[in-house]
> 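Here it is, the structure in full.
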Amino acid sequence: MKTRIVLGRTLLHAALFSLVLFSGAGRSQAAPPQAASDPNAPHLQKNGNVTQMILDGKPFLILGGEVHNSSSSNAEYMRPIWPKLAQAHLNTVLTPVTWQQIEPEEGHFDFSVLDTLIHDARAANLRLVLLWMGSWKNGNSTYTPSWVQGDSKRFALVQNKDGRSLQILSTFCEANRDADARAFAALMRHVRDLDSAQHTVIMIQLENEVGVLGDSRDRSPAANDAFAMPVPKTFMEYLAKHKDGLLPEFRAIWEATGFKTSGTWEDVFGRGPADEIFMAWNYARYVDRVAEAGKAAYSIPMYINTWLVQPEDKGPGDYPSGGAVAQMHDVWQAGAPHVDILSPDIHLPDTPGILASYSRNGNPVFIPESSAGVSGSANAFYAFGQFGAIGYSPFGIEDQADPESPLSKAYAVLSEMAPLILQHQAAGTIAGAWLTKGRPSQDVVLGDYTLHFALRRGFRSAVLPDSGYALVLATGPNEYTVSGSDIQVTFSPNTPGPPVVGLGKVEEGTFQEGHWVPGRWLNGDETQLRYDLSPAAAENQSGTGMRFAGNGPTIQRVQLYRYP
Ligand code: DGJ
């Protein structure tokens, strides 16, 4: 399969620095995201067509990794891990903070472990994204304090079709929501007091992969009452106002009932789809209330992560019903204006498709969980290059933090290039390529040329690598800077004139403090892709191209010229 991606031909080098800056992350917000009360606090800012994380006044690219669920419950356990992660070129670590641990007795908070984590991360020059394991973790409520777990009369649970209670706090219980919001607000106040001068903590994940598992909806008495009521007016008004911009999956559901504007959930959305939409709305409202309470204490960016629909799933409940899967984005955007980003946890192979579906309607791209290794490196390059991502973070990072690992090599290059990547994201002069044997080539239109990416072929060999990836910046007239691994690229012009593109000069090199430091001049075997020159000429090809070996990304800069 050949994939063709077209970027607007607005390549003007000068445009790099003439950026339109305004706050906000797109139409995802029913209300504009809260401006940071302190302009120096971490915040999101729309720069050109992308939303970026602004830290200490400058855009920041999150080269992250998430530790295993239990690692950060003990500061001693984490102590040797911080320097390993810094050596692996991470700049940010995603660490759980659990309700169970910070509020062991109602109203009595213990932040001692968190304080040490923040101190030790700072000492290793790492930033933190805190994962608030409050009411839910992967649907379940296993991180709640014992005074919540033991009192299901006060803190109501979800019930399934058989009338059995599940170990999941119900969204239809105000006591659940208010207790979570109080604990989260206390956490955010504490982070503000401890960290608002240094900004080690840059973002918050709200809960973890929420939704009902084991049934398509909550069937507790309170949930059943709510399900029989009319769909809330605020939701109906949002849908009416955004009708033309609704995402196709959601619009199709609503269209099937003739875009009904009032009635019960089943009247408006139909039997079946109604269950998941009802849960998504109620999770969104609950999480939004928690986020609002936290932001009132300390306003930094907040996102939710999503357990995606798996190929074997038959319906909601097999995956958490009510989470922000693609067909529920409109519901979440309507119900949770204090949530800045809807994130996918990418543990499925179709990274390009998942990123495409999570970058719609102004949703900024942040990937809190995915793979490391070569495939993870490819995901990171593609997310930053093609989708203006804010950050990337493999799960279980402490197992993958060897400085010689593929991800460390990829992060080393990304950190060298980060200032440039951020500038080019804002200017729209960047693209990415993500190739596998099932997707062995991809065309990218960027500036005055189309770049034809293909999996790297060995010289006189047809053996292909399993995957290849690249990130390309249009760095000047007839000039591109490309970083990639196991990939090759040829060029065709998009403007009138001579049809064949030659490689004038190809340098490999590095970036030091943002400046290009050239190494070898590449030519001969390093750029000759084929010797059948007449068939190549018939295809308007010179026979040369840029070639990137495997074993981690390298950076090359090319000057192009054209001939008839
Ligand atoms: C997804 C969850 O969000 C993580 O906390 C963790 O449990 C991983 N799955 C395990 O693969």
Side-chain angles (χ1 to χ4, degrees), residues 62 64-74 77-78 81 85 90 92-102 113-114 117 128-144 166-169 180 184 203-214 279-280 283-284 286-287 290-291 302-313 316-326 328 332 339 341-351 354-355 358 365-373 375-376 379-380 383 391-401 407:
I62 299 177
E66 179 171 332
V67 295
H68 284 291
N69 297 156
S70 308
S71 304
S72 59
S73 63
N74 184 286
Y77 184 91
M78 282 301 295
I81 294 175
L85 300 181
L90 274 81
T92 305
V93 187
L94 281 66
T95 52
V97 174
T98 75
W99 187 6
Q100 183 175 45
Q101 207 167 12
I102 66 159
V113 175
L114 176 65
L117 296 178
L128 291 175
V129 172
L130 301 182
L131 316 180
W132 171 235
M133 304 285 189
S135 294
W136 302 289
K137 194 271 172 195
N138 297 29
N140 273 293
S141 299
T142 51
Y143 283 88
T144 51
L166 306 180
Q167 195 189 27
I168 303 174
L169 287 181
D180 185 333
F184 183 61
M203 186 156 66
I204 301 291
Q205 177 181 296
L206 297 152
E207 319 289 346
N208 189 83
E209 296 188 345
V210 304
V212 171
L213 274 175
M279 288 320 306
Y283 275 106
Y286 185 122
V287 172
V290 173
M302 298 188 184
Y303 70 93
I304 57 149
N305 65 329
T306 312
W307 171 330
L308 301 183
V309 182
Q310 306 296 301
E312 65 276 15
D313 290 344
D318 291 341
Y319 60 90
S321 179
V325 295
M328 293 299 120
W332 271 88
V339 174
I341 306 175
L342 308 175
S343 285
D345 288 343
I346 304 184
H347 301 290
L348 289 169
D350 180 22
T351 299
I354 295 166
L355 290 177
Y358 276 78
V365 174
F366 176 67
I367 303 120
E369 284 184 36
S370 189
S371 54
S375 66
N379 291 350
Y392 182 78
S393 159
F395 182 78
I397 191 66
E398 62 268 55
D399 300 342
Q400 326 262 353
L407 187 84

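Nothing fancy with the numbering, it's 1 onward along the sequence. The structure presented is a predicted model; accordingly, all values stated were derived computationally and were not measured. For ligands, and for the atoms within them, numbers begin at 1 and follow the listed sequence.
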> Val97 pairs by side-chain contact (heavy atoms from CB on, under 4.5 Å) with which of Leu117, Ile102, Val113?
Ile102
> Calculate, to the nearest 0.5 Å, the distance between atoms CG and OG belonging to Asp345 and Ser370 respectively.
8.5 Å
> Nearest heavy-atom pair of Val129 and Ile204: which atoms, and what distance?
CG1-N, 4.4 Å
> Do you know the tightest heavy-atom contact between Asp180 and Ser135?
OD2-OG, 2.5 Å
> How many angstroms lie between atom CG of Leu355 and atom CG of Asp350, to the nearest 0.5 angstrom?
9.0 Å
> Which residues satisfy the side chain to side chain contact (heavy atoms under 4.5 Å, CB included) test with Ser393, sequence neighbours excluded?
Glu66, Leu94
> Tell me which residues fall inside the under-4.0 Å heavy-atom shell around ligand 1.
Asn69, Lys137, Asn138, Asn208, Glu209, Asp345, Glu369, Phe395
